[in-house]
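Position 1 is the first residue of the sequence, and the numbers go up from there.
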Amino acid sequence: MPHPLPPPRHDLADGHDFVKYEALGNDYLVIAPAAGQVAPTPDNIRLICDRHYGPGADGVLYGPLPEEHGFGLRTFNSDGTECEKSGNGLRIFGRYLRDHGWTEEGEFTVHTLAGPVTVQLVEAAPGPDAASAGSDHPGDGAPVRVSMGRASLDSELIGATGPRREMLRETLPAAAREWTATCVFLGNPHCVLPLDGTEVTEELARRLGPELAGHARFPGRINVQLMEVRAADRIRIEAYERGAGYTLASGSSACAAAVAAHTLGLTGPGVTVEMPGGHLDVGISDGGEVTLTGPVRPVVAGRWAPAFRRRLAS
């Protein structure tokens, strides 16, 4: 039975309808249901995320919602669809809960469509980079770690057509070429393409991403990562998300690429994942459990203009 949420110390009293955070350029608006005003309908989500007609974001984090232990969260893509979970979204939500007084704990549970996730606020080590790591001010770039669960290459979990199999070195025809992909399930599905570094570009991600994301082999659509292995502990990716398109950074994409590289024997269990927006650290345990660590920064807290609020209510 869900327990009532404790009141926040200083969020809704400030009159904020939303709070915006970014994680390496991957930005989300957090909307607390307790504030009322906005139902998370597909039309409302699309309008809110529109960068010309709304505040603009890669997605919306709708929470906290009551849970027996921890906090509930619904995550929405900018196209209005709901996704199982987002690595960067979870890290942002964890930072928001602490920044806005919903919890004083350094570790807590967030419940997603894909199941419970442990969120840990990490203290930055002192030193010349402490400010950028966020140790000087609460929420100002401080690192957040989330447990992303156990990775799987099972085609049934990934939602691929054909016989049940491990999707390792899968051949996919697209854009007049055959591509070799390793597909990973981490609460949501991913298609990772190891490539030569010269091919891992924004241009190819924008061109090939939509074709693979909507490939007939994946009826439910899939997230796409182009990956370059730079060293045993470092990879670089460009990501195209099935519900948001090309993105500067994606936490779940970083995890999926790290799992694919490790499974293929190209890297060790701990890697730094470079993306256009910055880098994240991914760890893989012997049992296949994946953790994701990186910075989160606040951007703005705001209120809906009366005319915009009426559009959301219509």
Side-chain angles (χ1 to χ4, degrees), residues 22-28 45-46 49-51 56-59 75-89 151 153 155 158-161 167-230 235-261 264 273-280 282 292:
E22 60 87 10
L24 307 182
N26 190 195
D27 56 343
Y28 281 86
I45 297 297
R46 285 191 289 268
C49 292
D50 192 295
R51 297 189 186 276
D58 288 327
T75 303
F76 296 90
N77 298 310
S78 59
D79 68 355
T81 58
E82 187 167 5
C83 69
E84 298 87 347
K85 68 179 177 182
S86 158
N88 279 342
L153 276 62
S155 63
I158 292 162
T161 58
M167 297 195 74
L168 187 68
R169 300 184 181 91
E170 188 96 357
T171 300
L172 289 171
R177 174 175 161 182
E178 289 196 338
W179 307 85
T180 301
T182 292
C183 299
V184 179
F185 181 80
L186 264 170
N188 50 17
H190 299 267
C191 176
V192 183
L193 277 64
L195 297 170
D196 179 88
T198 59
E199 291 191 293
V200 181
T201 65
E202 176 181 344
E203 186 277 330
L204 184 59
R206 289 186 180 274
R207 179 167 54 87
L208 182 62
E211 289 202 38
L212 290 179
H215 198 282
R217 198 166 303 176
F218 308 107
R221 297 177 59 79
I222 197 165
N223 302 298
V224 179
Q225 297 82 34
L226 312 182
M227 177 181 70
E228 174 195 9
V229 177
R230 294 193 149 183
I235 62 177
R236 181 175 71 89
I237 68 169
E238 294 278 357
Y240 185 93
E241 296 188 330
R242 59 179 176 171
Y246 178 79
T247 182
L248 295 175
S250 166
S252 55
S253 289
C255 292
V259 168
L264 291 166
V273 183
E274 300 174 3
M275 293 167 285
H279 68 268
L280 294 169
V282 179
L292 172 70

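Checking Glu274, His279, Glu228 one by one against Arg236, the side-chain hydrogen bond (donor to acceptor under 3.5 Å, both in side chains) holds for a single residue, Glu228. Tyr246 pairs in a side-chain contact (heavy atoms from CB on, under 4.5 Å) with only one of the listed residues (Glu203, Glu202, Arg207), which is Glu202.
The OG atom of Ser250 sits 6.5 Å away from atom CG of Asn223, with the distance rounded to the nearest 0.5 Å. Interatomic distance, Glu241 CD to Cys83 SG, rounded to the nearest 0.5 Å: 8.0 Å. The line from CD of Glu238 to CD of Glu199 is 12.5 Å long, rounded to the nearest 0.5 Å. We find the OG-CD1 distance between Ser78 and Ile45 to be 10.0 Å, quoted to the nearest 0.5 Å. In this structure, Ile222 CD1 and His190 NE2 are separated by 8.0 Å, a value rounded to the nearest 0.5 Å. Within the model, atoms CG of Leu212 and CG of Leu172 stand 6.0 Å from one another, a figure rounded to the nearest 0.5 Å.
Looking at every heavy atom in both residues, Ala260 comes nearest to Thr182 through CB-CG2, 4.0 Å. The two residues Met275 and Ala254 come nearest to each other via the heavy atoms CE-CB, 4.2 Å. Residue Leu24 comes nearest to Leu248 through the heavy atom pair O-CB, 3.9 Å, listed as atom of the first residue, atom of the second, then distance. Across all non-hydrogen atoms, the minimal contact from Cys255 to Leu186 is CB-CD1, 3.5 Å. Across every non-hydrogen atom of Val192 and Pro194, the tightest pair is O-CD, 3.4 Å. Scanning both residues, Tyr240 and Ala205, for their nearest heavy atoms gives CD1-O, 3.7 Å.
Counting heavy atoms from C-beta on, the side chains of Pro219 and Thr161 come closer than 4.5 Å. Residues Leu264 and Leu168 form a side-chain contact, since some pair of their non-hydrogen atoms from C-beta on lies under 4.5 Å apart. In this structure, the side chains of Ser86 and Tyr28 come closer than 4.5 Å at one or more pairs of heavy atoms. Within the 4.5 Å cutoff, no side-chain heavy atoms of Asp58 are placed close to those of Asn88. A heavy-atom distance below 4.5 Å is found between the side chains of Leu208 and Trp179. Using a 4.5 Å heavy-atom threshold, the side chains of Leu226 and Ile237 count as separate. Asp27 places a side-chain heavy atom less than 4.5 Å from the side chain of Arg51.
Residues satisfying the side-chain hydrogen bond (donor to acceptor under 3.5 Å, both in side chains) criterion with Glu170, sequence neighbours excluded, are Arg165, Arg217.
Side-chain contact, Ser253 with Gln225: a donor N or O sits under 3.5 Å from an acceptor N or O.
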From CA spacing to verdict: side-chain contact (heavy atoms from CB on, under 4.5 Å), Thr180, Leu193: CA-CA 6 Å; Thr180 301; Leu193 277 64; over 6 Å; no
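Between Glu84 and Arg242 there is a salt bridge, since at least one side-chain N of the basic residue sits less than 4.0 Å from a carboxylate O of the acidic one. The pair Arg221-Asp79 fails the salt-bridge criterion, with no side-chain N (NZ, NE, NH1 or NH2) lying under 4.0 Å from an Asp/Glu carboxylate O.
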